[in-house]
Amino acid sequence: MPTELLFREDAYMRNAGARVVHADERGIVLDRTIFYPMGGGQQGDAGVLVRTDGQRIVIADTRKGAEADSVLHVCAPDAPRLDIGESVALELDWDRRYALMRLHTALHVMSCVVVAPVTGGNIAPEKARLDFDIDMSLLDAERIERETNAIIARGIATETVWISDEELDARPELVKTMSVQPPRGAGRVRLLRIAEVDLQPCGGTHVRNIAEIGAIRVLKIRSEGKRNRRVEIGLVG
Ligand SMILES: [Zn+2]
């Protein structure tokens with residue numbers, strides 16, 4: 001049974017109610033969730049499930065389940081087993097998620113400053129990176145930082161748009177990330193649009209306006225192989 005993905009419509013939901021659909025030693029499946037499962041380079045969410053008697057089950061990680069759109073909430077092996085059908089209150093570790101949203105959106109902006117095919121990426125709460133297929137001499141930390149922050153300062157709203165698989169096929173230039181092809185088969189693909197800056201397929205969580213990123217710092221630039229020139233960034237404040 002697919003999980004209703006509440007974060008997909010509203011990435012700012014910190015609390016929600018849900019029912020337990022399945023629970024075993026691997027984790028808990030709910031009928032709906034605000035927890036983002038690891039994917040597209042973005043780490044899975046953490047938080048707490050609260051039972052009606054107040055007992056708190058710590059969720060250390062969130063992963064995709066075996067079925068499409070099913071989400072597995074990963075708890076400690078010795079956590080109490082939940083009952084099928086039981087109601088729980090979800091509490092997201094918001095500080096952690098908000099950092100992920102700011103850094104994730106920052107990568108969208110940076111991918112328009114460094115114009116090259118993206119060969120990899122990762123988003124953690126304290127830092128994020130993109131790998132590019134580009135000559136090292138073209139990566140200047142000071143320039144990347146300055147130009148990325150200049151775009152962020154324009155304070156542009158982000159927007160989720162959906163297009164059909166056929167429309168995406170007709171516009172292959174939208175797909176910058178060579179290592180992660182957008183999910184197919186559902187008939188439609190989710191895109192993130194930052195007007196006049198970026199438009200690309202993405203299933204992750206983003207801030208509503210790029211001004212919320214604040215500013216970024218380039219932490220490191222190094223070569224991880226000929227086609228993987230890695231640019232790592234962090235948030236300033
Ligand atoms: Zn994204």
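We count ligands from 1, going down the list as the structure has it; atoms in each ligand are counted the same way.
Counted by atom type alone, Ser164 and Arg188 present zero donor-acceptor pairs between their side chains at under 3.5 Å. Inspection of the Gln200 and Asp198 side chains reveals an N or O donor paired with an N or O acceptor under 3.5 Å.
Pairs of residues two or more places apart, or lying in two chains, never qualify as salt bridge (charged side-chain N to carboxylate O under 4.0 Å, His left out) while including a residue from residues 10-19.
How far OG1 of Thr205 is from CE of Met13: 14.0 Å, rounded to the nearest 0.5 Å.
Judged as a side-chain hydrogen bond (donor to acceptor under 3.5 Å, both in side chains), and not counting sequence neighbours, Arg26 has no contacts. For Trp94, the ring pair (Phe, Tyr, Trp, His ring centres under 6.0 Å) criterion is met by Tyr12, Tyr98, not counting sequence neighbours.
Looking only at protein N/O/S atoms, the ones less than 2.8 Å from the Zn ion (ligand 1) make 4 in total.
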